[in-house]
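In what follows, every chain begins at residue 1, and chains take the letters A, B, ... in the order their sequences are listed.
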Protein chains: 2
Amino acid sequence: MPLAAGQARQLLKALADPIRIQVVEALGGGERCVCELTAELGLAQSKLSFHLKVMKEAGLIEAREEGRWTYYHLQPELLGQLGAWLASLACQASRIPALTCGSS
Amino acid sequence: MPLAAGQARQLLKALADPIRIQVVEALGGGERCVCELTAELGLAQSKLSFHLKVMKEAGLIEAREEGRWTYYHLQPELLGQLGAWLASLACQASRIPALTCGSS
DNA sequence: CTTTCTAATCAATTAACTTTGATCTGTTTG
DNA sequence: CAAACAGATCAAAGTTAATTGATTAGAAAG
């Protein structure tokens with residue numbers, strides 16, 4: 001059982017936003033501090049901070065404080081579990097063997 | 001390249017709702033008509049209709065009309081692609097080999 | 001052809017989420 | 001310790017999404 005529906009919902013909501021997708025993709029390249037993210041994505045500090053909070057509360061990302069900087073990184077387990085949850089739904093709806101239905 | 005970020009966003013938004021997750025799970029068990037879904041989920045007809053529309057516009061589900069009934073079913077390809085997109089993000093963030101990173 | 005049934009749509013309300021600018025806290029530097 | 005910096009937080013405003021009840025359209029049955 002990969003993930004409860006309630007937690008899946010919170011993760012999906014935390015991902016279902018263009019800015020937050022950009023953040024996830026940026027963090028896919030490795031840990032970033034907030035100042036790097038504001039520069040890379042061209043966002044106001046407080047706006048980014050809001051979105052980081054939503055993502056952190058969903059468990060999608062984690063913060064690491066170092067001096068006066070805060071570094072964020074993806075929390076890959078939950079992302080993977082969400083992917084598996086979706087893949088298993090897709091598999092229920094069609095028996096395409098390439099999709100690793102509910103196994104592992 | 002599993003899925004564009006923009007389409008992923010629309011799919012995620014279409015999934016990020018408790019009612020719509022219930023619908024997806026119900027449709028995971030196979031095609032259902034609207035009247036069955038209203039009964040199973042205990043929803044007002046117009047409320048369900050609204051959510052079905054959101055999901056259909058995202059490409060998550062498809063409708064099939066038959067007489068005076070409309071049957072809905074999952075569109076497994078997009079679900080699978082979304083799962084793959086998430087899994088590849090998870091893989092970027094950690095080299096857990098069990099997650100089929102970007103392959104196939 | 002009128003009634004009934006399924007389901008979509010619409011307008012109005014309500015609720016949820018985002019953005020913005022300001023302020024506040026903690027950290028480093030001079 | 002004062003100034004500068006990184007970030008979080010907050011309240012107000014703006015925007016988007018969801019709920020509700022009523023209406024509408026098409027299909028089947030009487």
Side-chain angles (χ1 to χ4, degrees), chain A residues 5-27 30-75 82, chain B residues 5-27 30-75 82:
Chain A
Q7 197 175 7
R9 194 208 107 262
Q10 195 184 12
L11 284 170
L12 290 165
K13 202 164 61 179
L15 275 168
D17 177 276
I19 289 178
R20 299 200 282 261
I21 288 180
Q22 285 186 294
V23 170
V24 165
E25 289 184 326
L27 295 183
E31 198 178 57
R32 294 276 187 291
C33 74
V34 176
C35 55
E36 290 170 317
L37 288 172
T38 52
E40 276 184 38
L41 308 181
L43 296 174
Q45 182 268 317
S46 103
K47 189 173 181 173
L48 177 59
S49 196
F50 165 77
H51 289 288
L52 289 171
K53 187 184 181 187
V54 172
M55 297 170 82
K56 193 171 69 177
E57 283 174 353
L60 206 56
I61 59 176
E62 279 174 346
R64 179 178 69 81
E65 299 190 10
E66 183 178 325
R68 45 180 168 180
W69 295 279
T70 306
Y71 290 87
Y72 282 91
H73 58 92
L74 288 179
Q75 216 276 277
L82 185 59
Chain B
Q7 198 176 5
R9 192 208 108 261
Q10 194 184 13
L11 283 170
L12 289 165
K13 202 164 63 179
L15 274 168
D17 177 277
I19 289 178
R20 299 201 282 262
I21 288 179
Q22 285 186 293
V23 171
V24 165
E25 289 183 327
L27 295 184
E31 197 179 56
R32 294 277 188 289
C33 75
V34 176
C35 57
E36 289 170 318
L37 288 172
T38 52
E40 275 183 38
L41 307 182
L43 296 174
Q45 182 267 318
S46 102
K47 189 172 182 173
L48 177 60
S49 196
F50 166 78
H51 289 288
L52 290 172
K53 188 184 180 188
V54 172
M55 298 170 83
K56 193 172 68 176
E57 284 174 352
L60 207 57
I61 60 176
E62 279 174 347
R64 178 179 69 82
E65 300 191 9
E66 183 179 326
R68 44 182 168 178
W69 295 278
T70 305
Y71 291 87
Y72 282 92
H73 58 93
L74 289 179
Q75 216 277 276
L82 185 60

Please give, in whole Å, the distance from [N] [atom2] to [X] [atom1]?
| X | N | atom1 | atom2 | value |
| --- | --- | --- | --- | --- |
| A:E66 | C:dT27 | CD | P | 13 Å |
| B:R9 | C:dT18 | CZ | C1' | 14 Å |
| A:M55 | D:dA8 | CE | C1' | 17 Å |
| A:E36 | D:dA6 | CD | C1' | 12 Å |
| A:L52 | D:dA8 | CG | P | 7 Å |
| A:K53 | C:dT20 | NZ | C1' | 16 Å |
| B:I61 | C:dA7 | CD1 | P | 13 Å |
| B:L43 | C:dA7 | CG | C1' | 14 Å |

### Query
Is a side-chain donor or acceptor of B:R20 paired with a backbone partner of B:P18 at a separation under 3.5 angstrom?
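No: the side chain of B:R20 does not pair with the backbone of B:P18.
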### Query
Donor-acceptor pair, A:E36 side chain versus A:C33 backbone, under 3.5 Å?
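A pair under 3.5 Å: yes.
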Compare side-chain N and O positions of [X] against OP1 and OP2 of [N] and report whether any pair is under 4.0 Å apart.
| X | N | answer |
| --- | --- | --- |
| B:H51 | D:dA17 | no |
| B:K47 | D:dA18 | no |
| A:S46 | C:dT20 | no |
| A:K13 | C:dC17 | yes |
| A:Y71 | D:dG7 | no |
| A:Y72 | D:dA6 | no |

### Task
Would you classify A:S49 as touching base, sugar-phosphate or nothing, given that sugar-phosphate means primed atoms plus P, OP1 and OP2, and contacts are heavy atoms under 4.0 Å?
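Base: the residue A:S49, judged by heavy atoms under 4.0 Å, touches a nucleobase.
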Can you figure out which of [options] approaches the side chain of [X] most closely?
| X | options | answer |
| --- | --- | --- |
| B:R68 | D:dG26, C:dT19, D:dG7 | D:dG26 |
| B:W69 | C:dA7, C:dT19, D:dA8 | C:dA7 |
| A:C33 | C:dA8, D:dG7, D:dT9 | D:dG7 |

### Query
In this structure, which one of B:H73, B:R32, B:Q22 forms a side chain to side chain contact (heavy atoms under 4.5 Å, CB included) with B:L27?
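Single side chain to side chain contact (heavy atoms under 4.5 Å, CB included) partner of B:L27 among B:H73, B:R32, B:Q22: B:R32.
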### Message
Could you report the tightest heavy-atom contact between B:L74 and B:V24, atom names first, then the distance?
### Response
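Heavy-atom minimum between the residues: CD1-O, 3.9 Å.
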### Minimum heavy-atom distance A:L15-A:I21, with the two atoms named
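That closest heavy-atom pairing would be O-CG1, 3.2 Å.
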### Message
Assuming nearest nucleotide by heavy-atom distance, tell me which of A:R20 and B:T38 is located more 5' along DNA chain C.
### Response
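Looking at the nearest nucleotide for each, B:T38 comes out on the 5' side.
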#### Entry: Comparing A:F50 and B:Q45 on DNA chain D - which has the more 5′ nearest nucleotide
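On the 5' side of the pair lies A:F50.
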